[in-house]
Amino acid sequence: MEPRQGHAPIRARPFVLLRPVRGKERRMPDMQEFVPYEETLLYRIRHSAAHVMAQAVREIYPDVRFAIGPPIENGFYYDFDLGRDEAGAQRHFTEEDLEQIEKRMREIIKGKHRFAYKEVSAEEAKKLFTGQPYKIELIEGLERGEVDEYGNEVKTRPVISTYTQDTFEDLCRGPHVEHTGQIPANAFKLLSIAGAYWRGDENNPQLDRLYGTAWEKKEDLDKYIELLEEARKRDHRKLGRDLEIFIFDDEVGPGLPLWLPNGGVLIEQLEAFAKEVEERAGYVRVRTPHLTKEDLFLRSGHLPYYAESMYPPMELEGVRYYVKPMNCPMHHKIFGSKPRSYRDLPLRLAEYGTCYRFERSGELFGLMRVRSMQMNDAHIYCSVEQFEQEFMGVIALYHQYFKVFNIDRYVMRFSTHHRRGLGKKYVNNEDLWVQTEEMVRRVMTNGNVPFVEVPDEAAFYGPKIDVQIWSATGREFTLATNQVDFAQPPRFDLTYVSAEGKDETPLCIHRAPLSTHERMIGFLIEHYAGAFPAWLAPQQVSIIPIADRHLDYTRQVERRLRDAGLRAEVNDSSDRMGNKIRKAQAMKIPYMLVVGDREMEENAVALRMRSGEDRGAIPVEEFVAYATGVVREKQYE
RNA sequence: GCCAUCCUAGCUCAAUUGGCAGAGCAGGCGCUUCGUAAGCGUCAGGUUAUGGGUUCAAGUCCCAUGGAUGGCUCCA
């Protein structure tokens, strides 16, 4: 996969990058780059552009109230509260405002106004920002020395400072460029208007956020715009439709994908692969229903924590049933279905389970975030002594899969609990949290697996290792997950008899290395830009007769390839050869076999690769051996 | 769910800003039988997302609903 961005200095230290500041700030780290973003010129340019934008906004909306305006990856934003109009309705920016603001920003830049730094006392600061409630709140936070502008805790009491350029003074710790003239007037652009909650809390008022991008020079801006366009072409939502992999239908409902035949092939191939790998790794397959009684989810502890993301229950003969949002409780039931001995452990129950989760409408995102999904799920029941080996076994599976898919742009995130969530987001047993987290930390460290630790991202029943990936358009998702569960086995009274003849409670590892079909395929479409390796490609071979007299022969070739297990089809349309090739290319079919008089004569086919490479005529049997080999070995050409 | 924007044929997009809904690609049919990314012709395809309103007249203006997109929030 191409680096998403190779030309901009970005934050390098994962701990800085992935600090839990939410949203856009989290990004794929580039391990090659060691200059902290905060220390780059680009950071100053973007930060300064945000201030200039704020000044321009105030000139249009004099009674605007300012929130915060930091540099971010690729640009900057500023949050504003435009107040209410005469009718009492909240005012918002319009598209025309954007143009006007951008124009005004260029004028301010031309003025070469100095950015003047000033330290102030909290008292002075509050006086300076009279009538600016958000700034006052920030100052009070700084005064108490508790939180920074994002609401994150800080250790030391910071200095309160302001920067002034031209007529505009803003609460700010910098740094900035020396004067507005150092912001390249032709290398920035305002991008969009968005709503954003004050301090990222949906219970707070929603502000108007203006996003902009800024670069050191125009060519960088142009490159960035081009990059965005390239990303759009790679977007699985576009490719999914063009390549006829899946659709969404209004009448079916949002977040409920319909898999077209091509998508069906992808699913079948992934499942066959998973089955093969899991069987070798000692998993056994189970199958469980889509529905269960409410009691099961009360027992598992899901209902009190996650009822909001579950579809509402249906009541039948006085009993409430839920569509399952996960498979674990049923697997627990299978574990508990008979007495277990330590000799049964580890027991690895696998199922590509079909789950339904109610995601709020605005949270849906193509295949990456859906309401119906099929998980590459399994639950491993093991003793504490077996934990390390089992946990590492799962990490090894990840690596095995990722190697086959050539996935290398990811971050393993160690998601731990946070004290403030105990009893709410998390099972209330801090000792067990600390203990299992230490266990995972040790296992990962011993196994030499790089990871970043992020507090307050755990599952409600235990810590986990998530594999974080980025969509073509830059959104972060958890692809695979490997979770420790110390809470559910006791809730289900799961036990096994130890060698000493005592009842012990097993640990449970929840794992989904291949994610869900939805997210995995969404990711793979973008990862391969639709050009799947042959083993996954919905159609592997397009057989192209040059003229109708070659039709019979191509049908024989088709028969031979299908017998060999290849997904091949003759293009028998009245198109000319060139157009048949063009259509096969558009569908990103790995192999095109052109057949004319010469090939027919020699029982051969002329092999054209998806890359455009012409490999010339080869015997049919040679192609069969070659293609089946590539498929068998899951090679990516 | 919240804020903003958008919704015209399967896809990509037009329609002189309130005055006869159109093109390319894709599809059907016919002709063409061709050597590595677009052969020619022809036909069909639409209650302009849905419902209501304003108007002599609505794809265009207003309201509601649905869906999508960019963010925010959320993400077991």
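The sequence lines fix the lettering, A, B, ..., with proteins before strands; numbering per chain opens at 1. Quick caveat: nothing in here was measured; it's all calculated off a predicted structure.
Considering only side-chain atoms of R576(A), the nucleotide from C34(B), U36(B), A76(B) that sits closest is C34(B). Of the candidate nucleotides A68(B), U33(B), G35(B), A68(B) has the atom lying nearest to any side-chain atom of P254(A). Taking every side-chain heavy atom of Y211(A) into account, C72(B) is the closest of G35(B), A37(B), C72(B).
Using a 4.0 Å cut-off, some side-chain N or O of K583(A) falls inside it from OP1 or OP2 of A26(B). Between R241(A) and U12(B) there is a side-chain polar atom (N or O) within less than 4.0 angstrom of OP1 or OP2. Applying the 4.0 Å criterion to OP1 and OP2 of U69(B), one finds that R237(A) has a side-chain N or O inside that range. Between R475(A) and G70(B), a side-chain N or O to OP1/OP2 separation shorter than 4.0 Å is present. Between A37(B) and N579(A), no contact under 4.0 Å exists linking OP1 or OP2 to a side-chain N or O.
Base contact: E363(A) has a heavy atom under 4.0 Å from a base atom.
H550(A) and D597(A) form a side-chain donor-acceptor contact under 3.5 Å, judged by distance and modelled atom types alone.
Counting distance only, with no hydrogens placed and no angle test, the side-chain atoms of Q206(A) and the base atoms of C2(B) include a donor-acceptor pair under 3.5 Å. With hydrogens and angles left out, the side chain of R369(A) and the base of C75(B) share a donor-acceptor pair within 3.5 Å. Donor-acceptor pairing under 3.5 Å, judged by distance alone, is absent between the side chain of E251(A) and the base of G66(B). Judged by atom type and distance alone, R582(A) does not reach the base of U36(B) through any side-chain donor-acceptor pair under 3.5 Å. Counting atom types as modelled, R608(A) pairs a side-chain N or O with a base atom of A37(B) as donor and acceptor under 3.5 Å.
RNA chain B is contacted by V594(A), G596(A), D597(A) of residues 588-597 of chain A, taking any non-hydrogen atom closer than 4.0 Å. RNA chain B is contacted by S192(A), I193(A), A194(A), G195(A), A196(A), Y197(A) of residues 190-197 of chain A, taking any non-hydrogen atom closer than 4.0 Å.
Under the 30°/60° scheme for interplanar angles, the aromatic rings of F414(A) and F451(A) are found to stand perpendicular.
D456(A) pairs in a side chain to side chain donor-acceptor pair (under 3.5 Å) with only one of the listed residues (H418(A), R419(A), K425(A)), which is K425(A).
Here F93(A) and F80(A) bring their ring centres to under 6.0 angstrom of each other.
Put simply, CD on E244(A) is 14 Å from C1' on C25(B), counting in whole angstrom units. Between L207(A) atom CG and U73(B) atom P the separation is 11 Å, expressed in whole Å. Spacing between atom CD1 of I544(A) and atom P of A37(B) amounts to 10 Å, rounded to whole angstrom units. Atom pair L364(A):CG and U69(B):P shows a separation of 9 Å (rounding to whole Å applied).
Stem regions for RNA chain B, each three or more consecutive Watson-Crick or G-U pairs with both distances under 3.5 Å and listed by first number, read B:1-7 with B:66-72, B:10-13 with B:22-25, B:27-31 with B:39-43, B:49-53 with B:61-65.
A donor-acceptor pair is defined here as one N or O able to donate and one able to accept, closer than 3.5 Å; such a pair exists between the side chain of R519(A) and the backbone of M368(A).
For the C1' atoms, the distance linking A76(B) with A23(B) amounts to 50 Å, nearest Å.
Stacking here means ring centres nearer than 5.5 Å and ring planes tilted less than 30 degrees, and by that measure Y306(A) stacks onto A76(B).
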